[in-house]
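Structure, as structure tokens:
Lettering of chains follows the sequences in order, A, B, ..., and the numbering in each one begins at 1. Side chains are part of it too, since the values below use all heavy atoms of this structure and drop only hydrogens, waters and symmetry mates.
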2 protein chains.
Amino acid sequence: MTKNISDIAQMAGVAKSTVSRYLNGGSVSVKTKQKLERITREAGYVPNTFAQSLKAKRTNLIGTIVPRLDSFAAAQTMTGIDEELRTAGGRMLVYNAGQDRQREIEAMQDLARQKVAGIILMPAQVTDGHLRAAEAAGIPVLLVGQGNDRLHSLVYDDYGAGRLMGRHVLDMGHRRIAYLGVTEDDEAVGRLRKEGFRAAAEECPDCEIRYYESSFAIGDARAAAEKILDEHAPSLIVCATDNIALGVVKTAHVRGLSIPSQLSVTGFGGYEVTAIINPELTTVRFPYYEAGRLAARSILKLTAGEDVRRSTVMDVEMLSRESVDNLNIPFV
Amino acid sequence: MTKNISDIAQMAGVAKSTVSRYLNGGSVSVKTKQKLERITREAGYVPNTFAQSLKAKRTNLIGTIVPRLDSFAAAQTMTGIDEELRTAGGRMLVYNAGQDRQREIEAMQDLARQKVAGIILMPAQVTDGHLRAAEAAGIPVLLVGQGNDRLHSLVYDDYGAGRLMGRHVLDMGHRRIAYLGVTEDDEAVGRLRKEGFRAAAEECPDCEIRYYESSFAIGDARAAAEKILDEHAPSLIVCATDNIALGVVKTAHVRGLSIPSQLSVTGFGGYEVTAIINPELTTVRFPYYEAGRLAARSILKLTAGEDVRRSTVMDVEMLSRESVDNLNIPFV
DNA sequence: CCTCAAACCGGAACCGGTTCCGATTGCATT
DNA sequence: AATGCAATCGGAACCGGTTCCGGTTTGAGG
């Protein structure tokens with residue numbers, strides 16, 4: 001049914017090496033070029049990718065490992081990767097690790113044996129297992145969202161984001177604050193954001209700040225919020241992600257607390273929904289989409305053997321909106 | 001560096017055909033089986049996927065074409081597909097069509113030449129171009145979310161969803177209603193949901209229902225809501241998707257209309273966020289995740305040459321929540 | 001110990017391309 | 001017309017597996 005290069009060669013009365021050369025822009029006379037142009041078109045010939053890859057020992061596939069598919073950050077990043085890859089003739093092979101570190105490692109191994117050209121990994125945490133797998137893969141691996149000395153990485157300025165947020169809420173006059181973070185195993189989201197926030201908070205001696213922890217799940221965030229409100233009763237809760245903030249907002253509503261007058265809430269991420277809900281959520285925008293594009297460009301360069309900066313930091317942007325009360329304005 | 005089957009054969013002192021047989025469960029003596037077990041393990045041998053695919057003329061890859069990556073429906077469906085595929089040793093190759101019909105078709109062509117085993121397509125609309133491309137691909141194509149006689153499909157009961165919603169809002173006493181839909185080019189979301197709603201509405205002679213149209217974008221939905229409120233001033237707006245509903249809710253907030261007492265709003269989809277916002281959105285849940293799993297199972301069967309029902313309809317579920325006012329309750 | 005089928009194994013062909021190398025061709029120069 | 005060089009081309013090897021086919025072993029049964 002579908003024709004191979006030998007069929008084409010036979011139809012054209014040339015050797016298949018000539019056809020291959022024609023296809024790949026080698027030296028072919030004008031006459032045979034025209035003939036082959038016509039014949040390949042009429043026969044609807046398309047080269048077999050396996051055979052090409054078998055010989056070339058590589059594909060145009062870029063493996064992308066995401067912690068989960070249904071997250072704003074992952075979706076935006078994937079969109080960026082996909083778009084950039086497409087323009088370069090590359091394809092994106094998506095792996096969903098389902099928030100499981102072990103599956104991230106398995107995914108790398110599996111992708112390596114599928115001989116993808118490179119891997120873009122969005123890990124929650126970089127363990128020794130990750131490093132070993134990355135090394136064993138024998139192909140470029142680019143980390144997105146988490147940094148590591150031993151691998152190329154593209155990170156967000158999580159520390160800066162934390163500090164920006166810290167300054168902002170202090171500026172707004174808040175002093176009794178809860179920081180609802182995630183596990184420090186997550187270097188970027190768990191540790192750096194908190195450290196950044198803490199750095200800003202330390203400039204404020206009369207602050208009463210308590211640190212809490214939740215998972216990324218909205219349900220857990222709601223439970224954590226209950227606890228915070230009971231124990232600490234802060235005027236503001238800084239949440240390590242927009243999703244967690246959404247959970248806190250929900251709890252506030254359930255308790256009948258109005259935002260921001262009775263409770264201020266902030267997030268990190270800049271998810272689309274934060275601009276839709278009422279009141280709009282104060283947060284820090286992370287350039288996920290742009291990071292995806294840059295990640296794709298970088299991994300392509302790496303697979304081409306070109307040089308790429310070992311670590312790149314993406315800037316973030318403070319989005320001051322309605323969910324933080326300004327306590328500086330005196331009552332009228 | 002990495003060993004191939006000939007290396008292994010040489011190390012074991014057997015022919016490579018024997019190694020291949022061992023790997024694929026052919027008839028091999030216990031002795032050589034043990035020897036090969038040891039050697040392949042020690043050498044860390046992994047078969048080259050290209051060579052296998054070249055011979056087998058097929059991959060374990062399933063192409064998945066989504067209209068966009070950053071939509072709840074797509075994310076849930078992909079998660080389901082990925083999970084089910086993984087258990088069967090399959091992999092998901094994701095294509096983002098970016099809401100572009102032409103790119104959906106190109107994606108099919110491209111996937112076909114990458115020799116994926118099958119394609120799961122989530123189209124906004126099935127055109128002749130789609131059908132032609134699906135036929136030309138020469139591999140099974142499964143439609144999700146949109147039906148078509150000529151292809152296998154997995155659809156939601158959009159008509160039933162529309163009717164459920166229609167009945168529900170009428171039951172709640174609403175009579176002056178706006179239906180904010182999308183283009184009828186989208187058979188499922190645009191036409192069927194509306195028809196289902198209309199069927200329910202026709203049982204109500206004293207209703208004043210007007211039909212409007214928007215795109216899927218929140219921004220457009222907000223603009224449409226403005227228009228609806230100005231022109232028709234309904235007590236309730238039925239939106240064709242949860243995202244559109246979110247836009248309408250936003251407009252209501254901006255206008256200072258309280259939901260549901262001054263304006264009721266409903267959506268379709270059952271997105272996670274609808275349970276988080278305040279008030280919670282009344283909507284119809286679509287089983288996206290389950291559909292993804294079923295889609296994966298079906299496409300695998302199809303690629304294995306097994307029989308699959310030409311069309312399967314997934315049931316939906318009414319989620320009656322807070323965003324619809326009950327007008328039946330008399331004032332006290 | 002012989003016979004014979006079943007189990008096991010090796011060799012070679014094949015999948016569909018790419019690439020190297022050497023041979024042929026074409027064309028411009030003398 | 002002979003020469004030289006570059007452009008073009010064909011043949012064969014190769015990538016790393018799978019599978020067919022035929023030959024050799026094995027072991028059970030007589």
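Annotation: B:Glu290, atom CD; neighbour count of heavy atoms from other residues, nucleotides and ligands within 6.0 Å is above 12. B:Arg309 CZ: 12 or fewer foreign heavy atoms inside a 6.0 Å radius.
A donor-acceptor contact under 3.5 angstrom links the side chains of B:Ser29 and B:Thr32, judged on distance only. For the residue pair A:Tyr95 / B:Arg91, a side-chain donor-acceptor distance below 3.5 Å is found, with atom types taken as modelled.
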Please list, pair by pair, any protein nitrogen or oxygen found under 3.5 Å from a nitrogen or oxygen in nucleotides 23-28 of chain D.
none

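When rounded to the nearest whole Å, the span between NZ of A:Lys35 and P of D:dT8 equals 14 Å. Put simply, OH on A:Tyr22 is 18 Å from C1' on D:dA7, counting in whole angstrom units.
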Mind listing the side-chain donor-acceptor pairs of residues 49-57 of chain A below 3.5 Å, one per line with the distance, residues two or more places apart or on another chain?
{"from": "A:Thr49", "atom 1": "OG1", "to": "B:Arg113", "atom 2": "O", "distance (Å)": "2.6"}
{"from": "A:Ser53", "atom 1": "OG", "to": "A:Thr49", "atom 2": "O", "distance (Å)": "2.8"}

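Between A:Ala133 and A:Met108, the shortest heavy-atom distance links the atoms C-CE, 3.9 Å.
Judged by distance alone, with hydrogens and angles left aside, the side-chain atoms of B:Thr77 form a donor-acceptor pair with the main-chain N or O of B:Ala73 at under 3.5 Å. Between the side chain of A:Ser298 and the main chain of A:Leu294, a donor-acceptor pair closer than 3.5 Å is present.
Ion pairing between B:Arg38 and B:Glu42 holds under the 4.0 Å rule for side-chain N and carboxylate O.
Applying the side chain to side chain donor-acceptor pair (under 3.5 Å) test to residues at least two apart or on different chains, the pairs with a partner in residues 133-148 of chain B are B:Glu135-B:Arg150, B:Gln146-B:Asp186. Sorted by first and then second residue, the salt bridge (charged side-chain N to carboxylate O under 4.0 Å, His left out) pairs involving residues 7-28 of chain A (not counting sequence neighbours) form an empty list.
Heavy atoms of B:Lys16 sit under 4.0 angstrom from at least one base atom. Across all strands, B:Val14 comes closer than 4.0 Å only to sugar-phosphate atoms, never to a base (heavy-atom distances). Using a 4.0 Å heavy-atom criterion, one finds that A:Ser29 contacts the sugar-phosphate atoms exclusively. Within the 4.0 angstrom heavy-atom criterion, only backbone atoms of the sugar-phosphate kind lie near A:Thr32; the bases stay farther away.
Taking 4.0 Å as the cutoff to heavy atoms of chain B, we find the contact window on DNA chain C bounded by C:dC8 to C:dG16.
Where B:Ser27 and A:Ala51 each meet DNA chain C at their nearest nucleotide, the meeting point lying more 5' is that of B:Ser27.
Rotation axes derived from the C1' atoms of the five outermost pairs at either end of the helix from C:dC1-D:dG30 to C:dT30-D:dA1 lie 40° apart, to the nearest 10°.
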